[in-house]
Structures are given as structure tokens and as C-alpha cells.
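Note sheet for the following structure.
Numbering starts at 1 and runs along the sequence shown.
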Amino acid sequence: ASSRRDIFDRVLESCKRRCCMIDLSGSDLAGGSAGDLVSYQRIVTVQEDLDMLNLVRFEQMQEAAGFLNPRQQYTFITCP
């Protein structure tokens with residue numbers, strides 16, 4: 001479990017660094033802003049993204065990963 005914790009910590013730190021080192025083109029900025037407006041009805045700042053990453057905890061990811069096991073999955077079939 002400690003090796004998984006190490007991996008989690010490294011990936012989270014990498015995400016935080018990428019959040020702070022963005023280099024957007026005008027097209028990327030426009031697309032990201034449009035996506036923010038659709039999803040949140042406002043433009044989300046880089047600081048807000050970083051704040052959200054700081055809230056993520058290893059235990060939360062362990063709990064979420066438990067739902068990915070085959071016993072927790074099901075197939076939903078619909079007929080047209």
C-alpha cells in the first residue's frame with residue numbers, strides 16, 4: 001500500500017506542477033474558457049484548479065478505486 005501512496009503522491013504533485021506551468025495558445029484559452037462557461041457558467045481560475053487539487057486525498061482515491069473492481073460493475077442494456 002505504501003508504494004501506491006508513493007505513486008499517488010508523485011502523480012498529484014505532477015498535476016499541481018502542470019497546473020502552474022500552463023502555456024496556452026489563444027485557441028486553447030478560448031476552448032478552455034468556453035468549456036468553463038458551459039460547465040460552470042463562469043471562467044475557472046488556475047488558482048481554483050490548484051485549490052481543488054490540494055483537496056484530493058489518497059483515502060478518497062482508494063475508496064473510488066474500490067468501485068472499479070468487476071464485482072461493482074454492471075451492464076445496462078436498453079432496447080430502442
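As a member of the Ile/Leu/Val/Met/Phe/Trp/Tyr network built from side-chain separations under 4.5 Å, Val38 groups with nothing else and remains a singleton.
Between the CD1 atom of Ile7 and the CE atom of Met61 there is a distance of 15.0 Å, given to the nearest 0.5 Å. Atom CG in Asp49 sits 12.0 Å away from atom CZ in Arg18 (nearest 0.5 Å). We find the CD1-CG distance between Ile43 and Leu37 to be 5.0 Å, quoted to the nearest 0.5 Å. A distance of 11.5 Å separates SG in Cys19 from CE in Met52, rounded to the nearest 0.5 Å.
You'll find the side chain of Leu55 stays beyond 4.5 Å of the side chain of Asp51, heavy atoms only.
For Ser39 (side chain) and Gly35 (main-chain N/O), a donor-acceptor pair under 3.5 Å exists by modelled atom type.
Under the 4.5 Å side-chain contact rule for hydrophobic residues, Val46 and Leu29 share a cluster.
In this structure, Glu63 does not pair ionically with Arg57, as no charged nitrogen and carboxylate oxygen lie closer than 4.0 Å. Remark: Arg5 engages Asp9 in a salt bridge, criterion side-chain N to carboxylate O under 4.0 Å.
The two residues Leu50 and Cys20 make their nearest non-hydrogen contact at CD2-SG, 3.7 Å.
Pairs of residues two or more places apart, or lying in two chains, that qualify as side-chain hydrogen bond (donor to acceptor under 3.5 Å, both in side chains) and include a residue from residues 28-37 are Ser25-Asp28.
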Does Val56 form a side-chain contact (heavy atoms from CB on, under 4.5 Å) with Phe8? I'd like the steps, not just the answer.
CA-CA 10 Å; Val56 176; Phe8 169 82; 3.9 Å; yes
